[in-house]
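Everything numeric in this text was worked out from a predicted model, so none of it was measured. Side-chain atoms are counted along with the backbone in the values below, which use heavy atoms only and exclude waters and symmetry mates.
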Amino acid sequence: MFVDRREPSTRIVFGLGTVAFEGRPDDIDCIVWGTTETGATIEVDPEVSLPYTVRLRVAGYSFDRLCVVVWRQGRKLGLDYAC
């Protein structure tokens with residue numbers, strides 16, 4: 001039986017995006033380092049405090065996904081798609 005052990009393929013590499021969430025009227029700019037079938041890696045200002053659930057949008061790619069923050073290392077965050 002064949003088992004595919006490859007990592008999910010990267011789709012968007014190094015794009016500009018925004019993060020939105022309830023309680024904040026304006027979006028937060030971010031750098032999207034990469035997206036896969038299951039999530040994304042982004043970079044935001046380290047002073048920004050994000051909630052557990054955010055909406056990630058990437059202009060030019062028609063990309064708009066509800067995400068859950070699963071890890072943070074300094075400026076970089078790992079997001080999983082919520083649905």
Side-chain angles (χ1 to χ4, degrees):
M1 176 199 248
F2 175 73
V3 177
D4 188 359
R5 295 175 192 241
R6 295 176 293 179
E7 295 293 318
S9 62
T10 301
R11 294 181 177 175
I12 299 172
V13 178
F14 199 75
L16 299 178
T18 59
V19 177
F21 54 91
E22 284 188 39
R24 186 175 176 106
D26 53 337
D27 293 351
I28 298 167
D29 293 331
C30 68
I31 297 171
V32 180
W33 285 102
T35 66
T36 66
E37 296 168 1
T38 60
T41 302
I42 65 169
E43 183 176 328
V44 296
D45 183 334
E47 302 293 319
V48 172
S49 178
L50 296 179
Y52 179 69
T53 304
V54 297
R55 180 160 296 280
L56 175 62
R57 297 182 179 109
V58 182
Y61 287 94
S62 299
F63 187 89
D64 186 340
R65 299 290 297 265
L66 186 61
C67 302
V68 176
V69 178
V70 292
W71 58 265
R72 182 170 190 152
Q73 290 181 327
R75 301 174 69 95
K76 287 194 176 180
L77 290 92
L79 307 176
D80 276 350
Y81 303 137
C83 43

Residues passing the salt bridge (charged side-chain N to carboxylate O under 4.0 Å, His left out) test with Asp26, sequence neighbours excluded, are Arg24

Extract all donor-acceptor atom pairs below 3.5 Å that involve side chains of residues 72-79 and protein atoms in other chains or at least two apart in sequence.
residue	atom	partner	partner atom	Å
Arg72	NE	Gly74	O	3.1
Arg72	NH1	Val48	O	3.1
Arg72	NH2	Val48	O	3.4
Arg75	NE	Glu43	OE2	3.0

Sorted by chain and residue number, the side chain to side chain contact (heavy atoms under 4.5 Å, CB included) partners of Ala82 (sequence neighbours excluded) come out as Leu66, Val68

In terms of heavy-atom contacts, Val58 and Leu16 come closest through CG1-O, 3.6 Å

Are Leu50 and Ile28 side-chain neighbours, meaning at least one heavy-atom pair lies under 4.5 Å? yes

Could you walk me through whether Phe63 and Leu56 pass side chain to side chain contact (heavy atoms under 4.5 Å, CB included), step by step? CA-CA 8 Å; Phe63 187 89; Leu56 175 62; 3.8 Å; yes

query = Ignoring hydrogens and geometry, is there a side-chain-to-backbone donor-acceptor pair from Tyr81 to Cys67 under 3.5 Å?
reply = no

Q) Considering residues, nucleotides and ligands other than Ile31, do more than 12 of their heavy atoms fall under 6.0 Å from its CD1? A) yes

Interatomic distance, CG@Asp29 vs CD1@Ile42, rounded to 0.5 Å, equals 11.0 Å

Sorted by chain and number, sequence neighbours left out, salt bridge (charged side-chain N to carboxylate O under 4.0 Å, His left out) with Asp27 holds for Arg57

